[in-house]
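Beneath this line is the structure, given in structure tokens, with notes to follow.
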Amino acid sequence: MNKLRRCKGKYNIYENGKWNSMEFELGYFHEWGMNYEEFCDSGPGNYSVAIVELPDGRIVMPVADDIVFLDLITE
């Protein structure tokens with residue numbers, strides 16, 4: 001099994017009727033995924049997300065450009 005890469009960043013969460021941006025200092029990147037937002041006039045818009053596990057076990061999906069990897073790839 002490959003070692004999960006450490007990362008930090010931010011993700012959006014919908015709480016109390018509005019979107020809030022939350023930052024995390026440590027997460028474990030699992031893989032890339034896709035999400036979408038529905039637009040009334042033009043249908044869904046797709047975008048890339050990272051699937052990240054936080055230290056407390058929660059899974060979040062930050063937009064691809066909202067994460068930073070903390071460790072270098074060594075082969």
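Hydrogens, waters and symmetry mates play no part in the numbers below; they use all other heavy atoms, side chains included.
For residues 62-72, the salt bridge (Lys or Arg N to Asp or Glu O under 4.0 Å) pairs, not counting sequence neighbours, are R5-D71. Every pair tested for salt bridge (Lys or Arg N to Asp or Glu O under 4.0 Å) that includes a residue from residues 21-36 fails, sequence neighbours excluded, so the list is empty. Residue pairs that meet the salt bridge (Lys or Arg N to Asp or Glu O under 4.0 Å) test with at least one member in residues 46-63, sequence neighbours left out, are D56-R58. Listed by first then second residue, pairs satisfying ring-ring contact (aromatic ring centres under 6.0 Å, His included) with a partner in residues 47-68 number zero, not counting sequence neighbours.
In this structure, the ring pair (Phe, Tyr, Trp, His ring centres under 6.0 Å) partners of F69, at least two apart in sequence or on a different chain, are F29. Residues passing the side-chain contact (heavy atoms from CB on, under 4.5 Å) test with N20, sequence neighbours excluded: I13, E15, K18.
Note on Y11 and M61: separate hydrophobic clusters, where clusters join Ile, Leu, Val, Met, Phe, Trp and Tyr whose side-chain heavy atoms are under 4.5 Å apart, directly or indirectly. L4 and I67 are assigned to two separate hydrophobic clusters, defined by single-linkage of ILVMFWY side chains at heavy-atom distances under 4.5 Å.
Across G27 and V52, no two heavy atoms sit closer than the pair CA-CG1, 3.8 Å. Looking at every heavy atom in both residues, V49 comes nearest to M34 through CG2-N, 4.0 Å. The two residues L54 and V60 come nearest to each other via the heavy atoms CD1-CG1, 3.9 Å.
Counting only heavy atoms from C-beta outward, the side chains of K10 and F24 never approach each other to under 4.5 Å.
Put simply, CD1 on I59 and OH on Y28 are 12.5 Å apart, with the number rounded to the nearest 0.5 Å. Taking CG of L70 as the reference point, atom CZ of R6 lies at 5.0 Å (rounded to 0.5 Å).
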